[in-house]
Trainee: 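One structure is given below, represented as structure tokens, and several questions about it will come after.
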Amino acid sequence: MTSLRNIVVLTGAGVSAESGVPTFRASDGLWEGHRVEDVATPEAYFRNPTLVHEFYDARRAKLLSVEPNPAHGALARLDSEWPGDFLLVTQNVDDLHERAGSKRLIHMHGELKKGWCLACDERFAWDGAMGENAACVSCGKAGEARPDIVWFGEMPYEMERIDDALRRCDLFVSIGTSGAVYPAAGFVQTARYCGARTLEINLEPSQGSLFFDERRYGPAGELVPIWVE
Ligand code: BV8
């Protein structure tokens, strides 16, 4: 990798699968009996905030019982040792990348351990169950906090910074994502058009696998440390 300068890595639910965090589409997109698209939209939240809070409270609670796996660890090592530009963009809302030590990290779809106050627009750290009546850490107002998660139809975070990194990178690596959701699924095309080499590491071909120069199939916990070394 010595000829490379700038690397962008995109991760999806597959990088956390071996830590015990269920992926979206392995279970036919069903979550606690709900379709993700039915509980991960603003309409769903305003229609039934109790259900949506239960859905996210259950996933936030799960974080207490899972640990980073060797794929998270290898990416954190690469982050700390890589001399050029490095950016890890994750679609995941779990905290396993930061717990493994990743620093140059963007959660483009938000984070389970954050809340967003609709009264004062502040984001704040949140650990336990939020429920409908949580009081905002910043303004104190109760009942106006939603999970700080990017739902379907909402704009992902830091898209300008991500787009800039994609256009400047020499290598784009996609790990553990089905390529089912945009704009993340389109990142490989941007990187490719701007001259980057592209690598996919996944359990099986993603929906965008034809855009990758190189593809390695198998568990991320096994293949990512090999790639990083
Ligand atoms: C946007 C947070 C525009 C929630 C998520 C109609 C209406 C509205 C929008 C749309 C529409 N039609 C299309 C769209 C666009 C939409 C979209 O792409 N929809 C899809 C369904 C067609 N996108 C959006 O809405 C995005 N926003 O477009 O905004 C806009 C523009 C301007 C101004 C305002 C708005 C926002 C999308 C974000 C939605 N939120 N997550 C939550 O987490 O609860 S998406 C959710 O699914 C995940 O976050 C993840 O990002 C995404 C994809 O999941 P994956 O991570 O890929 O997981 P999956 O299970 O699918 O795949 C896992 C893979 O890992 C598999 O391939 C498997 O083989 C592999 N694997 C498994 N085990 C392992 C492994 N690999 C390696 N090792 C293993 N051990």
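All values reported here derive from a predicted model rather than from experimental measurement. Ligands are counted one by one from 1 in listed order, and the atoms in each one are counted from 1 as well.
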Trainee: How far is atom 76 (N) of ligand 1 from the closest protein heavy atom, and which atom is that?
Mentor: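 Result: L203 N, 3.2 Å.
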Trainee: Starting from atom 53 (C) of ligand 1, what is the nearest protein heavy atom, named by residue and atom, and what distance separates them?
Mentor: R25 NH1, 3.2 Å
Trainee: With R104 as the cation and W82 as the aromatic partner, state whether NZ or CZ is under 6.0 Å from the six-membered ring centre and within 45° of the axis.
Mentor: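 Output no; distance or angle outside limits.
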Trainee: Protein heavy atom under 4.0 angstrom of atom 7 (C) of ligand 1, is there one?
Mentor: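 Protein heavy atoms within 4.0 Å of atom 7 (C) of ligand 1 - there are none.
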Trainee: Looking only at protein heavy atoms, which one is nearest to atom 79 (C) of ligand 1, and what is the separation?
Mentor: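 In this structure, atom 79 (C) of ligand 1 has G14 O, 3.3 Å as its nearest protein heavy atom.
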Trainee: Can you pull out the closest protein heavy atom to atom 15 (C) of ligand 1? Residue, atom name and distance to 0.1 Å, please.
Mentor: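 The answer is Y182 O, 4.5 Å.
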Trainee: Under 3.5 Å between any N/O of A13 and any N/O of ligand 1: does that happen in this structure?
Mentor: yes
Trainee: Between E132 and T50, is there a side-chain donor-acceptor contact under 3.5 Å, judged purely by atom types and distance?
Mentor: yes
Trainee: Any N or O on G153 sitting closer than 3.5 Å to an N or O of ligand 1?
Mentor: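 N/O-N/O distance below 3.5 Å exists for this pair.
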Trainee: Does this structure show an ion pair linking D170 with R197, if we count only N-O contacts that are shorter than 4.0 Å?
Mentor: no
Trainee: Taking everything shown except E160 itself, do over 12 heavy atoms lie less than 6.0 Å from its CD?
Mentor: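 At most 12 heavy atoms, drawn from other residues, nucleotides or ligands, come within 6.0 Å of this atom.
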Trainee: Assign the ring pair H97 / H72 to parallel, tilted or perpendicular, where the plane angle (0 to 90°) is split at 30° and 60°.
Mentor: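 If you compare the ring of H97 with that of H72, the planes turn out perpendicular.
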Trainee: Would you confirm whether any non-hydrogen atom of the protein falls under 4.0 Å from atom 68 (C) of ligand 1?
Mentor: yes
Trainee: Heavy atoms only: which of E200, E154, Q91, M155 lies closest to atom 33 (C) of ligand 1?
Mentor: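 Shortest heavy-atom distance from atom 33 (C) of ligand 1: M155.
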Trainee: Which pair of non-hydrogen atoms, one from Q91 and one from G12, has the smallest distance, and what is that distance?
Mentor: NE2-CA, 3.8 Å
Trainee: Using a 4.0 Å cut-off to any heavy atom of A220, which atoms of ligand 1 qualify?
Mentor: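 Those of ligand 1 that fall under 4.0 Å from A220 are 77 (C), 78 (N), 79 (C).
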Trainee: With atom 66 (C) of ligand 1 as the reference point, say which of V150, N202, I149 has the nearest heavy atom.
Mentor: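 Shortest heavy-atom distance from atom 66 (C) of ligand 1: N202.
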Trainee: Report the nearest protein non-hydrogen atom to atom 57 (O) of ligand 1: residue, atom name, distance rounded to 0.1 Å.
Mentor: T177 OG1, 2.6 Å
Trainee: Could you state whether V93 and V52 fall into the same hydrophobic cluster, counting links through intermediate Ile, Leu, Val, Met, Phe, Trp or Tyr residues with side-chain heavy atoms under 4.5 angstrom apart?
Mentor: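 Yes, because V93 and V52 connect within a single hydrophobic cluster, where side-chain heavy atoms sit under 4.5 Å apart.
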Trainee: Report, in ascending order of atom number, the atoms of ligand 1 lying under 4.0 Å from any heavy atom of V181.
Mentor: 18 (O), 37 (C), 47 (O), 52 (C), 53 (C)
Trainee: With atoms numbered from 1 as shown, which atoms in ligand 1 lie under 4.0 angstrom from a non-hydrogen atom of G176?
Mentor: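 What qualifies from ligand 1 is 63 (C), 64 (C), 65 (O), 76 (N).
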Trainee: Can a protein heavy atom be found under 4.0 Å away from atom 22 (C) of ligand 1?
Mentor: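 Given the 4.0 Å cut-off, atom 22 (C) of ligand 1 counts as touching protein heavy atoms.
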Trainee: Closest approach of L87 and R161, non-hydrogen atoms and distance?
Mentor: CD1-NH2, 3.7 Å
Trainee: Considering non-hydrogen atoms only, spot the tightest contact between A220 and A71 and give its length.
Mentor: O-CB, 3.7 Å
Trainee: Which atoms of ligand 1 have any heavy atom of G218 under 4.0 Å away?
Mentor: 77 (C), 78 (N)
Trainee: If Ile, Leu, Val, Met, Phe, Trp and Tyr residues are connected whenever their side-chain heavy atoms lie under 4.5 Å apart, and connections chain through other members, are F86 and V89 in the same group?
Mentor: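 No, F86 and V89 fall in different hydrophobic clusters.
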Trainee: Less than 3.5 Å between some nitrogen or oxygen of R59 and one of ligand 1, yes or no?
Mentor: yes
Trainee: What atoms of ligand 1 come within less than 4.0 Å of a heavy atom belonging to Y56?
Mentor: 4 (C), 42 (C), 44 (O)
Trainee: Answer whether the closest heavy-atom distance between the side chains of Y45 and H53 falls below 4.5 Å.
Mentor: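 Yes, their side chains come closer than 4.5 Å.
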Trainee: Heavy atom to atom 20 (C) of ligand 1, shortest distance: which of G12, S19, A180 holds it?
Mentor: A180
Trainee: Numbering the atoms of ligand 1 from 1, which are under 4.0 Å from a heavy atom of W151?
Mentor: 36 (C), 39 (C)
Trainee: Considering the heavy atoms of E18, write down every atom of ligand 1 situated less than 4.0 Å from one of them.
Mentor: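 So the answer, numbered in order with elements, is 78 (N), 79 (C), 80 (N).
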Trainee: Is any NZ, NE, NH1 or NH2 atom of the basic residue among D57 and R59 found under 4.0 Å from an Asp or Glu carboxylate oxygen of the other?
Mentor: no
Trainee: Answer yes or no: is there a donor N or O on one side and an acceptor on the other, between the side chain of S16 and the main chain of A13, under 3.5 Å?
Mentor: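 Between the backbone of A13 and the side chain of S16 there is no qualifying donor-acceptor contact (under 3.5 Å).
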Trainee: Tell me whether atom 10 (C) of ligand 1 lies less than 4.0 Å from at least one protein heavy-atom position.
Mentor: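 No, there is none.
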Trainee: Can you pull out the closest protein heavy atom to atom 38 (C) of ligand 1? Residue, atom name and distance to 0.1 Å, please.
Mentor: H109 NE2, 3.4 Å
Trainee: If the cut-off is 4.0 Å to any non-hydrogen atom of P219, which atoms of ligand 1 fall inside it?
Mentor: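 Result: 78 (N).
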Trainee: Between E98 and K114 (salt bridge meaning N to carboxylate O under 4.0 Å), is one present in this structure?
Mentor: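 No, no charged N to carboxylate O under 4.0 Å.
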Trainee: Does the pair R192/D213 count as a salt bridge with the N-to-O cut at 4.0 Å?
Mentor: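 The answer is yes: the pair qualifies as a salt bridge.
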Trainee: For atom 48 (C) of ligand 1, what's the nearest protein heavy-atom neighbour? Residue, atom name and distance, please.
Mentor: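 Protein heavy atom with the smallest distance to atom 48 (C) of ligand 1: F24 CE1, 3.2 Å.
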